[in-house]
Amino acid sequence: MYCLKSGFVSNGVTYFIRFFFIGAYGPTISAIITTFLFEKSGALRALLKRLLLWRASFKTYLAIVAIPVLFMLFGIWIYDLFIGPIGDFSTGKVALIPAMLGYGLFAGPMGEELGWRGYLLPKLLEKYSATKSSVIIGIIWATWHTPLFFGPTGALVSNGDITFLNVSIYMLATICLSYLFTSMSFQTNGSVLIAILTHFSVNSALPILFFPNLTSHENFLTVFNLAIIPLVPLTIYVAFKNTRRFKEYAESKPVF
């Protein structure tokens, strides 16, 4: 980031991307190393096997794909109603979809989820409730992204105004998503693969690609903040439904 800000090297972006990907895989690498060094024999194999747990209901897979898209469409709709024109729908942006999907998968979910939902969540559930564990992970998750607030990419508030409102909304989003990810883990026997796919779907943000007026960072951030509005009631609804289920799981450990 220093190279980018100071112009110290001409290819500062390249340097940033290199270090970005090293850091982005920190949670996954840390989970593997910690499990190998401190857990009993076979624990690392058990952790990695959760990357292969793909069995889930059709509703689960549908929710993974549809809910982030619907939230983004909600944000775009509210922006168009109350803030400004979103521009014409651009079908020419279809060519960008593979690049966006690739970035959305490898720049976050693959590097993080073995750490957050693979290692940290089960450890916290040994001591705390599902809600408290989710809040703790949500705060850690958001704080871990803090250095990227000052970089060109990597977090919702990257390369923009680092205001109290934007950071607070970001923290609220990670806490809500953390709870929903915990709920998904309970439903899929702790599948890290499902967590990766959900994280991937949240990161992709494809609908916004097709509206050129929204691609500037300021407008992009505004749409994301608006898309987070329905996230809070959804989290409350899921929490209400899961109250009894989480209590039953807590009484029959281990969780995963």
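For the numbers below, each heavy atom of this structure counts, side chains included, while hydrogens, waters and symmetry mates do not.
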Could you tell me whether the side chain of Thr28 and the main chain of Met110 form a donor-acceptor pair under 3.5 Å? yes
Between Phe186 and Ala130, which heavy-atom pair has the shortest distance, and what is it? CE1-CB, 3.9 Å
Any idea which heavy atoms bring Gly115 and Ala31 closest together, and the distance? CA-CB, 3.8 Å
List the steps and the verdict of side chain to side chain contact (heavy atoms under 4.5 Å, CB included) for Phe211 and Asp88. CA-CA 6 Å; Phe211 298 96; Asp88 295 330; over 6 Å; no
Does the side chain of Ile136 reach to within under 4.5 Å of the side chain of Tyr128, using non-hydrogen atoms? yes
Closest non-hydrogen contact found for Leu197 with Ile64 is O-CG2, 3.6 Å
In Å and rounded to the nearest 0.5 Å, what is the CZ to OH distance from Phe106 to Tyr25? 6.0 Å
Side chains of Phe210 and Ile97 in contact at under 4.5 Å (non-hydrogen atoms): yes
Distance-only donor-acceptor pairs under 3.5 Å for side chains of residues 138-149, two or more places apart:
from, atom 1, to, atom 2, distance (Å)
Trp141, NE1, Glu112, OE1, 2.8
Thr143, OG1, Ile139, O, 2.7
His145, ND1, Trp141, O, 2.8
His145, ND1, Tyr170, OH, 3.3
Thr146, OG1, Thr143, O, 2.7

Give me each pair satisfying side chain to side chain donor-acceptor pair (under 3.5 Å) with a member in residues 51-60, each pair once, sequence neighbours excluded. Ser57-Thr60
Considering only heavy atoms from C-beta outward, does the side chain of Leu48 approach that of Leu114 to under 4.5 Å? yes
Side-chain contact test, heavy atoms from C-beta onward, threshold under 4.5 Å: evaluate it for Leu105 versus His199 and give yes or no. no
Connected to Ile236, directly or through other members, by ILVMFWY side-chain contacts below 4.5 Å are Leu172, Val232
Can you tell me how far apart CZ (Phe89) and CD1 (Ile76) are? Round to the nearest 0.5 Å. 9.0 Å
Looking at Asn219 and Asn213, would you say the former's side chain and the latter's main chain have a donor-acceptor pair under 3.5 Å? yes
If we ignore hydrogens and angles and just use 3.5 Å, is the side chain of Asn189 paired with the main-chain N or O of Leu53 as donor and acceptor? no
Should Thr182 and Thr131 be marked as a side chain to side chain contact (heavy atoms under 4.5 Å, CB included) after you check the CA-CA gap, both sets of side-chain angles, and the distance that decides it? CA-CA 8 Å; Thr182 297; Thr131 300; over 6 Å; no
Interatomic distance, Ile83 atom CD1 to Leu226 atom CG [nearest 0.5 angstrom]: 5.0 Å
Do Phe74 and Ile67 sit in the same hydrophobic cluster, where Ile, Leu, Val, Met, Phe, Trp and Tyr count as joined when their side-chain heavy atoms come under 4.5 Å apart? yes
Is the shortest side-chain heavy-atom distance between Asp161 and Leu221 below 4.5 Å? no
What are the two closest non-hydrogen atoms of Gly104 and Phe200, and how far apart are they? C-CD1, 3.6 Å
Do any N or O atoms from the side chain of Ser158 and from the backbone of Ala155 form a donor-acceptor pair under 3.5 angstrom? yes
Side chains of Leu177 and Thr235: closer than 4.5 Å at any heavy-atom pair? no
Ignoring hydrogens and angles, tell me if any N or O in the side chain of Tyr179 forms a donor-acceptor pair with the backbone of Thr174 under 3.5 Å. no
Does Ser134 offer a backbone N or O that forms a donor-acceptor pair with the side chain of Ser178 under 3.5 Å? yes
Given Arg45 and Glu39, is the salt bridge (charged side-chain N to carboxylate O under 4.0 Å, His left out) satisfied, shown in steps? CA-CA 11 Å; Arg45 184 184 302 173; Glu39 299 293 322; over 6 Å; no
Shortest non-hydrogen contact from Pro27 toward Trp116: CG-CZ2, 3.6 Å
Would you say Val157 ends up clustered with Phe164 if hydrophobic residues are merged whenever their side chains have heavy atoms under 4.5 Å apart, either directly or through other cluster members? no
Between Glu113 and Arg50, is there a salt bridge with N-O shorter than 4.0 Å? no
How far apart are the closest heavy atoms of Pro207 and Val69, and which atoms are they? CG-CG1, 3.9 Å
Measuring only between side-chain heavy atoms, which start at C-beta, is Leu180 closer than 4.5 Å to Val238? yes
Quick one: are Val223 and Met72 in side-chain contact, heavy atoms under 4.5 Å? yes
Do Thr222 and Glu218 meet the criterion of a side-chain donor-acceptor pair at a distance under 3.5 Å? no
OH of Tyr237 to CG of Asn242, rounded to nearest 0.5 Å, is 10.0 Å
Distance check, rounded to the nearest 0.5 Å: Ile137 atom CD1 versus Phe181 atom CZ? 11.0 Å
Counting only heavy atoms not in Phe21 (residues, nucleotides, ligands), do more than 12 fall under 6.0 Å from its CZ? yes
How long is the gap from OG on Ser201 to OH on Tyr61, to the nearest 0.5 Å? 13.0 Å
